[in-house]
Amino acid sequence: MVPREFSSLIGKDLLGTFLFAGGFMMDERQTVANALSKALPDLSTEEILNKIERPKDEKNGDYAFPTFFLAKTLHKAPQLIAKDLVAKVDQEGFEKVVVAGPYINFYLDKQAVAATILQTILQDPENYGGQNIGHLANVAIDLSSPNIAKPMGMGHLRSTVIGNAIANILAKVGFNPIRINHLGDWGTQFGKLMAAYEMWGDEEAVKKDPINTLQKYYVRINTEADEHPEYADAGRKWFKKLEDGDPEARRLWKWFRAASLSRFMKIYQMLDIHFDSYNGEAFYNDKMPEIDQLLADKGLLQESRGAKIVDLSQYNLNPALITKSDGSSLYMTRDLAAALFRKRMYGFAQALYVVGAEQRNHFDQLKAVLAEMGFTWSKQIHYIPFGLMSLNGKKMSTRKGNIVQLEDVLNDSIKLARQQIAEKNPTLANADEVAKQVGVGAVIFHDLKNERTNSIDFKLADVVKFEGETGPYVQYAHARAESILRKAGQPDLKNVAIHLNGDEAWGIIKRLGQFGEVIERAAAEYDPSLIGKYALSLAKDFNQYYAHNRILVDDEGRESRLALVQAVSDVLKSALALLGVKAPDEM
RNA sequence: GGGGGGAUAGCUCAACUGGAUAGAGCAUUGGUCUUCUAAACCAAAGGUUGUGGGUUCGAUUCCCACUCUCCUCACCA
């Protein structure tokens, strides 16, 4: 069966591949459905499955079946239906099945479920929660995409870490992600920068500190352009020269690009994020004439106010501007060329664009134009917007200098992590490396824990917080687990018989069992925050268990508890890895 | 004005896609380290889910209207 929500969220092309392929809790849900279907012969298993829910409150069991919807057809009160029904339900394999008002509550066999889940994790921790529904199909992901000659701000962090996490998640369910850094190394803004350099440029200063110096020029020409309209013209002229292959323009372009990129690489190194392609906008410069030709052949191009446009009124969209009145290209033109190139190059099953929500209109247009061109694969393109990052309630803007540099935030966070280690764990061996993992992890996690489309007002104190619902909280739970395993001598737990008594561990067991479902949903909805929330919940479950149970005591439950600890450690590490966050063994 | 998001505890956010008493973190108040890392745990307090209608056995969730707010509406990306 394909859950309803998935069908609306993924392209129809993939619908067939997104099937539930297992995971223990899904099997348990199926078991519940089977038990019910004997008592409800008139309903299909699928109908029953859709009604089964997980109670919020643990005291109501592990699964529940509400009977309200049967009241009409059976002409009976729900409470009565539940009472009659439970007598007919096959209770084999459950701890108990009981009536609670209009609900039938199912309690799983804790011993058996715990043994299955823990053993599965310990046998193959790397692959736990993963599956192969992607069949290694390529997924092109457009992410990060900073602009050359501008510092990378917190806004770009979002695209970078969200895109990277989605890539990781898709890989986990069997797709082959291709990370493409579509550098902003082209366009009129670039012409403006060259015009500014021509007027005020100091070669030595640029060489010394390329990004900040170039940014100064860029800000200056933009602020002064109001009084000097000729600056904007100069910028357009320089861009035209660049597009026409003027040697000086090319020289400047190469120089600015290389200098900026080397600076960006420093940040990507800190984040430990790697790309399969750095083909930016410039790369598509020689691929645009084909787009122009294809559009002309289809009779889609129209003249309007001296520019060439594609009319999209039948899509209820504004016209897409393809060529400016001075003959130079636009963002749209390049994105069309890029889409076609990526389809040919990678034969993608999906192409994702992790770009801010303010560009929704652009991507609607892009898909519409591709559809008009007759490319049926335009349906495989998924725009993945994320909420705006503002500063003091206002939109961040390089031109207005209203920006927070990512590098500064990362460094602040690492510094703070280093201080905390000095206080709390002064004998830690590789303190600098761990500080980096914790500091960077906090920043990444902060950006990923909430729903993608929420807008965020930047507050440093929130980003570098290490307590409560944060990356370091999850890392800490993992480090505690590892610490116990270290003290126990890293025992081999692959084949231990599991005997966990008491209900203390049951919450953890259930959570561990849900990992696969959560990954699957995160993949279908392109939503890393589901993984973040899951990691927090599991870390919290474990911290509670840790506070109330001694693990390293010599009794018959010791090995089982250690197996539990090992499984928690493995899954926490795995969940963090999906988000691009490191899990140090000590901190 | 057109199009698209959003509004839930003082703050930042959840809520299994229509179910049982709307939950966490931060902040506040109090408690827990001679025992596996206190970046932790336990407890108290905190709510007319923006407003008004509607559908339903049942609505934070779906529909309509309104208020407020953010983004966006051709030669930027």
Side-chain angles (χ1 to χ4, degrees), chain A residues 3-5 51 53-57 59-60 64 66 68-69 71-72 77-78 100-103 105 145 147 184 186-190 192 235-236 281 304-309 316-326 328 330-332 334-335 355-362 364-365 385 387-388 390 393 395 417 420-421 423-425 428 438 442 449-451 453-457 459 461-462 465-470 472-477 479-488 514 517-518 521 529 533 536-537 539-540 543-544 546-553 565 586-587:
Chain A
R4 248 171 310 137
E5 65 267 29
K51 289 287 175 190
E53 54 193 59
R54 251 199 300 267
K56 288 192 196 102
D57 196 329
K59 74 174 195 291
N60 288 325
F68 304 100
F69 74 106
K72 244 179 205 154
Y103 289 89
N105 292 335
S145 312
N147 292 319
W186 210 247
T188 310
Q189 43 137 11
F190 222 87
K192 266 191 192 164
R236 278 191 281 273
E281 297 182 44
S304 173
R305 300 180 217 170
K308 285 191 223 169
I309 61 157
N316 199 21
L317 291 168
N318 297 320
L321 205 51
I322 304 295
T323 310
K324 291 197 275 194
S325 42
D326 70 354
S328 59
L330 279 148
Y331 185 36
M332 178 61 70
R334 267 162 263 142
D335 263 359
V355 181
E358 70 273 16
Q359 293 194 40
R360 164 160 260 130
N361 196 53
H362 169 75
D364 285 346
Q365 290 184 323
L388 194 72
S390 58
K395 190 174 170 175
Q420 298 242 7
I421 290 169
E423 262 173 55
K424 297 170 199 241
N425 197 352
L428 185 61
V438 172
K449 75 172 173 184
N450 288 325
E451 207 177 310
T453 50
N454 290 356
S455 31
I456 301 180
D457 194 52
K459 287 194 193 69
D462 285 349
K465 193 179 291 171
F466 297 166
E467 285 140 36
E469 296 175 331
T470 65
Y473 176 89
V474 180
Q475 289 174 320
Y476 183 63
R480 280 177 140 183
E482 280 303 314
S483 173
I484 291 171
L485 294 167
R486 223 167 21 245
K487 289 217 158 71
Q514 289 161 13
E517 278 177 62
V518 173
R521 203 177 141 206
S529 78
K533 282 169 203 146
L536 282 172
S537 304
K540 183 166 191 175
N543 274 332
Q544 286 172 339
Y546 180 97
H548 301 295
N549 299 81
R550 288 222 112 235
I551 291 142
L552 292 177
V553 277
V565 172
E586 289 180 75
M587 63 186 270

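Protein chains get the first letters and strands the later ones, always in sequence-line order, with residue 1 at the start of each.
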Could you check whether [X] gets within reach of a base, just the sugar-phosphate, or nothing at all, counting any heavy atom under 4.0 Å?
| X | value |
| --- | --- |
| Q359(A) | base |
| P55(A) | base |
| K465(A) | sugar-phosphate |
| S455(A) | sugar-phosphate |
| A64(A) | base |
| T323(A) | nothing |
| K51(A) | nothing |

Of the candidate nucleotides [options], which contains the atom at the shortest distance from the side chain of [X]?
| X | options | answer |
| --- | --- | --- |
| K533(A) | rA20(B), rA74(B), rA14(B) | rA14(B) |
| N60(A) | rA20(B), rU72(B), rC16(B) | rA20(B) |
| P319(A) | rC76(B), rA24(B), rA74(B) | rA74(B) |

Checklist entry - Is rU29(B) in the syn or the anti form, by the rule that syn lies within 90° of 0? => result anti
Next on the checklist: Apply the syn/anti split at 90° from 0 to rC68(B) and say which one it is.
Outcome noted: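 Here the answer is anti: the torsion falls beyond 90° from 0.
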For atom [atom1], what is the distance between [N] and [M], given to the nearest Å?
| N | M | atom1 | value |
| --- | --- | --- | --- |
| rC70(B) | rU29(B) | P | 34 Å |
| rC26(B) | rC41(B) | P | 8 Å |
| rA24(B) | rG47(B) | P | 15 Å |
| rA14(B) | rU21(B) | P | 24 Å |
| rC76(B) | rU49(B) | C1' | 40 Å |
| rA40(B) | rC33(B) | C1' | 10 Å |
| rA15(B) | rU60(B) | C1' | 8 Å |
| rG50(B) | rC16(B) | P | 16 Å |

Item to check | Side-chain (Q365(A)) to main-chain (P319(A)) donor-acceptor, under 3.5 angstrom | outcome: yes
Checklist entry - Has the side chain of N454(A) got a donor or acceptor atom sitting under 3.5 Å from an opposite partner on the base of rA14(B)? => result no
Next on the checklist: Distance criterion of 3.5 Å, no angle test: do you see the side chain of K59(A) paired donor-to-acceptor with the base of rU21(B)?
Outcome noted: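 Such a pair is found, so the answer is yes.
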Checklist entry - Hey, does the side chain of Q544(A) come within less than 4.0 Å of rA40(B)'s phosphate (OP1/OP2), counting only N and O? => result no
Checklist entry - OP1, OP2 of rC57(B) versus side-chain N and O of K72(A): anything below 4.0 Å? => result yes
Checklist outcome for this item: Result for 5'-nearest mapping on RNA chain B, choosing between K540(A) and I309(A), is K540(A)
Checklist entry - Hey, which of these two, A417(A) or G187(A), hits RNA chain B nearer its 5' end, going by closest nucleotide? => result A417(A)
Next on the checklist: Across nucleotides 27-37 of chain B, 5' to 3', mark each nucleotide with B, S or - according to how protein heavy atoms within less than 4.0 Å reach it.
Outcome noted: --------BBB
Item to check | Closest non-hydrogen atom pair, D457(A) against G393(A) | outcome: OD1-N, 2.7 Å
